[in-house]
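In what follows, a structure is listed as structure tokens, so that the remarks can point back to it.
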Amino acid sequence: MEESNTGENKRSIGTEKEQLAKEYLLAQGYQVLEMNYRCRMGEVDIVAKDKEYLCFVEVKYRTGNQVGSPQHAVDARKQRRICRVADFYLLQHKLGYNTSVRFDVVAITGATIALYKNAFYYKEI
């Protein structure tokens, strides 16, 4: 039972931090298109527009830097998964591969929010 509560608590905190990231992105001039976009390839926290870019945004939260910074938690495996989701999104929404795509990370540590634009480049599958 305790594991279930921990899992529910993590999801609740995750949802709260994603909402915080959404508000932060809106304040930065982004247009948020979708939250928690899911497909058979995986999930991305936020899909947004920033000027000419279609941005796939991963939100990472840490209470502190004891286990590493949140932006470094988006490892190569996670990056490849996000890229596959981006490919599927482009296909599903009939957007050409000439669409300017960017991969951003919103890192939240305690009460500090940082936006890393172009946090990583497209990873081949």
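Note: hydrogens, waters and symmetry copies are ignored here, and every other heavy atom, side chains too, is used.
Closest approach of D50 and R102 over heavy atoms only: OD2-NH2, 2.7 Å. Of all heavy-atom pairs spanning F103 and C83, the tightest one is CZ-SG, 3.8 Å. A pairwise comparison of heavy atoms in A48 and V32 identifies CB-CA, 4.0 Å as the closest pair. E18 and N36 make their closest contact through OE1-ND2, 3.0 Å (heavy atoms, listed as atom of the first residue, atom of the second, distance). H93 and E34 make their closest contact through NE2-OE2, 3.4 Å (heavy atoms, listed as atom of the first residue, atom of the second, distance). Looking at every heavy atom in both residues, V59 comes nearest to K17 through CG1-O, 4.0 Å.
Side-chain contact check for C39 versus V85: some heavy-atom pair is nearer than 4.5 Å. Residues Q19 and E16 fail the side-chain proximity criterion, which asks for heavy atoms closer than 4.5 Å. Here the side chains of V47 and V57 are not in contact, with every heavy-atom distance at 4.5 Å or above. When side chains are defined from C-beta on, D104 counts as touching Y30, because their heavy atoms get closer than 4.5 Å. In this structure the side chain of L54 reaches within 4.5 angstrom of the side chain of L33, judged on heavy atoms.
With values rounded to the nearest 0.5 angstrom, D75 atom CG is found 8.5 Å from R81 atom CZ. Rounded to the nearest 0.5 angstrom, D87 CG and I82 CD1 are separated by 12.5 Å.
Between K60 and D45, no side-chain nitrogen of the basic residue sits less than 4.0 Å from a carboxylate oxygen of the acidic one, so the salt-bridge criterion is not met.
For the pair Q79 (side chain) and F120 (backbone), a donor-acceptor distance under 3.5 Å is absent.
A donor-acceptor contact closer than 3.5 angstrom is absent between the side chains of Y53 and N118. Looking at Q92 and Y37, their side chains do bring a donor and an acceptor atom within 3.5 Å of each other.
Linking Ile, Leu, Val, Met, Phe, Trp and Tyr residues whenever their side-chain heavy atoms come within less than 4.5 Å leaves L91 and Y122 in two separate clusters.
Using cut-offs of 30° and 60° for the angle between ring planes, the F56 and Y89 rings count as perpendicular.
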